[in-house]
Participant: 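The structure under discussion is supplied below as structure tokens; questions concerning it will follow.
What you see below is based on every heavy atom in this structure, not just the backbone, and it leaves out hydrogens, waters and symmetry mates. Throughout, residue positions are numbered sequentially from 1 according to the sequence presented. All ligand and atom numbering here is 1-based and tracks the order in the structure.
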Amino acid sequence: MAIPALPSALANAALDAASMRPQPGDLLVFMIGENQGETIAPSQVEVGARPILAYPMDPVTKTLRDGSRFNIIAVGRLDPSEIEDDTKPLSADGVVAYSAVCTHNGCIITENNDTHHEFVCNCHGSTFDVGNKGKIVVGPATRRLAILPLKLADGNVTVAADFDGRLGPPRE
Ligand code: FES
């Protein structure tokens with residue numbers, strides 16, 4: 001006979017699910033703003049606008065993976081002509097997603113610039129080309145942003161695979 005899970009075990013499982021890195025099939029959900037908690041559709045991501053901050057969400061259990069700041073994602077949308085060939089397969093209808101944790105000192109990236117394909121960290125100005133796998137355009141960061149591969153599923157922006165690199169600043 002199966003033994004029912006203890007409430008604390010259930011709570012721990014929920015905590016684990018919330019802290020897991022984005023999983024293939026997860027939806028992306030607005031982290032803040034008037035659409036907070038809603039899933040993100042490409043039509044809600046303006047081409048060339050500031051990054052939208054998002055969390056991944058398990059589509060079945062609806063668990064928001066907000067248990068780690070390394071799960072904060074910066075979502076942008078580019079004109080297809082501004083997306084390099086090796087980045088295109090990782091995007092969905094022009095939408096790209098990156099770790100929002102700056103690789104310099106860990107600030108959350110919230111800005112872009114008027115090139116429309118570069119995200120900028122407000123803390124010390126590190127600039128990343130989000131049409132080119134998050135490569136550094138301007139330091140002081142020394143490592144690119146990790147990209148989160150995307151696909152479209154039922155019209156929603158959906159995680160296709162793990163982040164493709166290390167997250168956050170280098171560890172001592
Ligand atoms: S923490 Fe982003 S540039 Fe320093």
Side-chain angles (χ1 to χ4, degrees), residues 15 18-23 26-40 42 44-57 64-150 157-172:
L15 274 180
S19 298
M20 287 170 71
R21 294 289 166 260
Q23 300 295 302
D26 278 359
L27 298 167
L28 297 188
V29 170
F30 288 92
M31 175 181 156
I32 52 176
E34 62 185 24
N35 298 315
Q36 183 178 11
E38 294 177 13
T39 55
I40 299 175
Q44 292 170 291
V45 189
E46 192 183 331
V47 173
R50 293 168 63 189
I52 293 171
L53 295 182
Y55 277 127
M57 183 181 77
L64 199 60
R65 302 199 196 281
D66 60 355
S68 166
R69 75 191 299 272
F70 289 108
N71 285 349
I72 302 175
I73 298 160
V75 179
R77 192 173 189 194
L78 309 181
D79 185 283
S81 67
E82 295 191 301
I83 307 179
E84 300 290 331
D85 287 346
D86 62 350
T87 305
K88 265 193 186 124
L90 310 175
S91 67
D93 200 12
V95 178
V96 291
Y98 287 86
S99 168
V101 182
C102 182
T103 56
H104 175 228
N105 260 353
C107 289
I108 298 300
I109 294 170
T110 58
E111 298 295 333
N112 68 336
N113 62 20
D114 54 15
T115 67
H116 300 312
H117 60 89
E118 293 173 0
F119 287 175
V120 180
C121 178
N122 260 344
C123 287
H124 312 98
S126 289
T127 302
F128 305 90
D129 186 344
V130 292
N132 192 8
K133 294 189 84 176
K135 289 188 177 139
I136 296 165
V137 179
V138 177
T142 57
R143 194 172 68 225
R144 70 180 179 88
L145 290 179
I147 192 167
L148 183 66
L150 299 178
V157 178
T158 305
V159 175
D162 293 345
F163 284 115
D164 79 334
R166 293 186 58 183
L167 307 177
R171 295 175 193 108
E172 299 301 325

Participant: Using a strict cut-off of less than 4.0 Å between a Lys/Arg side-chain nitrogen and an Asp/Glu carboxylate oxygen, indicate whether Arg77 and Asp93 qualify as a salt bridge.
Facilitator: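 So Arg77 pairs with Asp93 through a salt bridge.
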
Participant: Is the contact between Ser126 and ligand 1 made by the side chain, the backbone, both, or neither, using heavy atoms and a 4.0 Å cut-off?
Facilitator: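 It is both parts that get close, each with some atom under 4.0 Å.
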
Participant: Can you list the atoms of ligand 1 that are under 4.0 Å from a heavy atom of Cys121?
Facilitator: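 Answer, ordered by atom number: 1 (S), 2 (Fe), 3 (S).
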
Participant: Of the options Lys135, Arg144, His117, which is the one that meets Asp129 in a side chain to side chain donor-acceptor pair (under 3.5 Å)?
Facilitator: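 Exactly one candidate clears the test, His117.
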
Participant: Considering only heavy atoms of Cys107, which atoms of ligand 1 have at least one such atom less than 4.0 Å away?
Facilitator: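 With Cys107 as reference, the close atoms of ligand 1 come out as 1 (S).
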
Participant: At what distance, to the nearest 0.5 angstrom, does CD1 of Ile147 lie from OG of Ser99?
Facilitator: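 Output value for this atom pair is 11.5 Å.
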
Participant: Does some side-chain heavy atom of Phe128 sit less than 4.5 Å from a side-chain heavy atom of Val137?
Facilitator: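 Answer no - side chains too far apart.
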
Participant: Among Val120, Thr103, Val101, Asn105, which one has a heavy atom closest to atom 1 (S) of ligand 1?
Facilitator: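 Among Val120, Thr103, Val101, Asn105, the closest heavy atom to atom 1 (S) of ligand 1 comes from Asn105.
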
Participant: Between Leu145 and Thr103, is any pair of side-chain heavy atoms under 4.5 Å apart?
Facilitator: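 SC-SC contact between Leu145 and Thr103 confirmed.
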
Participant: Taking both backbone and side chain into account, is any N, O or S atom of Cys102 nearer than 2.8 Å to atom 2 (Fe) of ligand 1?
Facilitator: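 Coordinating: yes.
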
Participant: Rounded to 10 degrees, what angle sits at atom 4 (Fe) of ligand 1 between His104 ND1 and His124 ND1?
Facilitator: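 Reported to 10°, the angle equals 100°.
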
Participant: Any chance the SGs on Cys107 and Cys121 are under 2.5 Å from each other?
Facilitator: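 Their SG atoms do not fall under 2.5 Å; no disulfide, then.
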
Participant: Tell me whether atom 2 (Fe) of ligand 1 has Cys123 as a neighbour, meaning an N, O or S atom of it below 2.8 Å.
Facilitator: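 Under 2.8 Å: Cys123 has no N, O or S contact with atom 2 (Fe) of ligand 1.
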
